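The next block holds one structure in the form of structure tokens; read it before the comments.
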Amino acid sequence: MRSGILTHTGVFHSASLSAACISCPHSAPEELGRVRRRECPLDKSSVRVGWKPVGGRRTLIVVCDPSQGGSNRIGNKLLGATAEAIEALTMPLVNELVEEAQQRDAQRAAEARKKEEERERRLRILVHNLRSLNAKSRQALNLIITEDALSSASDKKRAIRDALSRNAASAARAVMSVLKSVSLTATDIRAWEHLMDGSTFSRRQRSSHPIHKVAMLTGNVFWQDFDSRDIRVDYGSSTDYVSAHFETFSAGLTLLMENAAKYCAPGSRITFSYATEIHGRRPYIVVRIAMRSMYVEPDEREQIWTEGYSGREAAKTARKGSGIGLSVALALFRMGDAHIDMLCGDICQTMNGVRFADNEYQLRVPVA
């Protein structure tokens with residue numbers, strides 16, 4: 001014959017009760033504190049059932065003990081004593097479990113809020129970037145013909161042709177600027193879309209790309225910027241292929257080149273070189289981008305990868321950015337198992353109060 005105690009909430013079970021007892025179909029009286037005698041459907045023995053408060057919670061208690069007889073008043077006392085014993089034995093553990101569950105819920109809620117805030121912040125950055133690129137495109141086109149002049153012209157096509165013929169050099173620069181803005185707009189949209197989704201790309205999701213061609217495609221977007229500052233770019237030579245997700249990888253490389261275009265010394269040179277190296281038993285193509293760019297203090301060399309940080313030398317110039325480029329590039333490269341680092345050299349040149357050093361990006365990309 002069975003004997004033991006069962007609670008409806010599953011807080012306390014006697015070891016002598018079987019699985020059938022634990023799933024007992026008995027219903028209890030609705031009134032708190034009322035006790036009823038029931039017949040066990042398994043062995044027809046007598047059991048006591050009733051609702052009792054355990055730790056302030058309405059709990060069904062079933063006492064299975066055929067030796068217990070007497071009136072419901074005696075049964076009520078028995079269930080009351082059982083409830084007190086259960087509370088003394090289990091409530092500290094129950095409270096601890098409840099507290100842990102509440103802490104986990106609060107942590108998950110905080111993480112969800114943080115993730116949503118991060119998405120909103122990144123969306124604001126994207127909108128800002130797109131507006132800035134749009135403004136630059138309009139500014140470039142105004143160098144050919146102003147919006148007022150175009151809107152007041154009766155023959156708009158003829159007005160544009162005349163403007164182009166009068167100032168072909170400015171027109172060429174404007175077209176290059178617009179093409180750059182279009183390219184960067186597409187890059188921004190693709191990059192931020194993946195960033196906001198928190199994407200990562202396994203080897204199966206990546207494809208094979210010639211690293212030299214990708215470097216030239218991304219760098220040529222900034223041809224006008226380099227030319228205006230007399231910066232020459234040597235893309236070297238390589239027949240190596242890398243395993244990369246093209247949209248995020250090219251977007252990250254574009255951000256590196258944009259950074260170089262802003263912070264390299266006028267009249268300097270940017271040189272690409274390529275080598276195959278083993279890291280963690282895996283082969284990588286290491287792309288080294290050597291340049292003379294703004295000096296980075298030793299205490300800044302970790303911070304430059306932090307979003308919102310802009311270097312001290314950059315702060316001396318009108319070229320100071322918002323500290324977004326390198327942090328986003330780092331995140332984009334990591335999505336496809338690529339790694340970026342920067343070797344910072346010592347001061348070797350000063351121009352207009354701005355210090356420059358021979359620095360080098362080291363980009364490590366899995367071999368295809």
Side-chain angles (χ1 to χ4, degrees), residues 126-191 210-237 246-247 250-272 289-294 314 317-322 324-325 329 349 351-352 354 356:
L126 174 59
V127 171
H128 169 76
N129 288 351
L130 296 181
R131 285 175 175 170
S132 176
L133 291 170
N134 180 60
K136 290 177 181 178
S137 295
R138 294 179 65 178
Q139 184 179 20
L141 292 174
N142 277 330
L143 294 175
I144 303 173
I145 183 171
T146 65
E147 293 180 17
D148 291 340
L150 183 61
S151 62
S152 61
S154 57
D155 188 343
K156 298 187 186 323
K157 290 183 180 180
R158 182 180 181 84
I160 294 173
R161 284 197 304 269
D162 291 345
L164 290 172
S165 62
R166 283 196 305 270
N167 199 345
S170 294
R173 287 194 296 270
V175 170
M176 290 293 295
S177 180
V178 171
L179 289 175
K180 171 189 168 184
S181 294
V182 170
S183 177
L184 293 181
T185 297
T187 296
D188 267 356
I189 291 173
R190 291 194 301 266
I211 184 59
H212 182 261
K213 183 177 181 180
V214 175
M216 290 191 67
L217 286 174
T218 54
N220 284 339
V221 173
F222 301 96
W223 176 85
Q224 187 175 357
D225 301 80
F226 292 134
D227 186 65
S228 65
R229 304 184 67 216
D230 195 27
I231 297 172
R232 297 293 174 256
V233 183
D234 179 2
Y235 292 100
S237 62
F246 184 79
E247 287 187 351
S250 61
L253 195 55
T254 296
L255 290 169
L256 287 189
M257 296 305 291
E258 183 180 28
N259 192 274
K262 286 200 299 186
Y263 300 129
C264 278
S268 63
R269 190 179 191 88
I270 300 173
T271 304
F272 281 68
I289 309 172
M291 57 194 167
R292 179 162 293 184
S293 57
M294 290 183 183
T317 71
R319 294 179 172 272
K320 178 185 176 182
S322 55
I324 300 296
Q349 184 180 0
M351 297 177 64
N352 300 321
V354 179
F356 291 89

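Since we're looking at a predicted model, the values are computed, not measured. Numbering of residues begins at 1 and proceeds along the displayed sequence.
- For the pair K180 (side chain) and F222 (backbone), a donor-acceptor distance under 3.5 Å is absent.
- Residue D155 places its CG atom among more than 12 non-hydrogen atoms of other residues, nucleotides or ligands, all under 6.0 Å distant.
- Residue A265 comes nearest to Q349 through the heavy atom pair CB-OE1, 4.5 Å, listed as atom of the first residue, atom of the second, then distance.
- Note that CE of M257 and CD1 of I270 are 5.0 Å apart. Values are rounded to the nearest 0.5 Å.
- Rounding to the nearest 0.5 angstrom, the gap separating the CE atom in M291 from the OG1 atom in T271 is 11.0 Å.
- Rounding to the nearest 0.5 Å places CD1 of I211 at 6.5 Å from CG of L253.
- Ring planes of H212 and Y235: perpendicular class, angle over 60° (limits at 30 and 60°).
- In this structure, F356 and P266 approach most closely via the heavy-atom pair CZ-CD, 4.5 Å.
- Here the NZ atom belonging to K156 is positioned 6.0 Å from the OG atom belonging to S151, to the nearest 0.5 angstrom.
- In this structure, the side chains of K213 and M216 stay at 4.5 Å or more apart for every pair of heavy atoms.
- The shortest non-hydrogen separation linking A329 to G252 is CB-O, 3.8 Å.
- Summarising the geometry of A314 relative to Y263, their closest heavy-atom pair is CB-CE2, 3.7 Å, with the distance given to 0.1 Å.
- Between D230 and R232, at least one side-chain nitrogen of the basic residue sits less than 4.0 Å from a carboxylate oxygen of the acidic one, meeting the salt-bridge criterion.
- The distance from the CD1 atom of I231 to the OG atom of S293 is 10.0 Å, given to the nearest 0.5 Å.
- Separating the CD1 atom in I160 from the OG atom in S165 is a distance of 12.0 Å, to the nearest 0.5 Å.
- Minimum heavy-atom separation, S268 to R292: OG-O, 3.9 Å.
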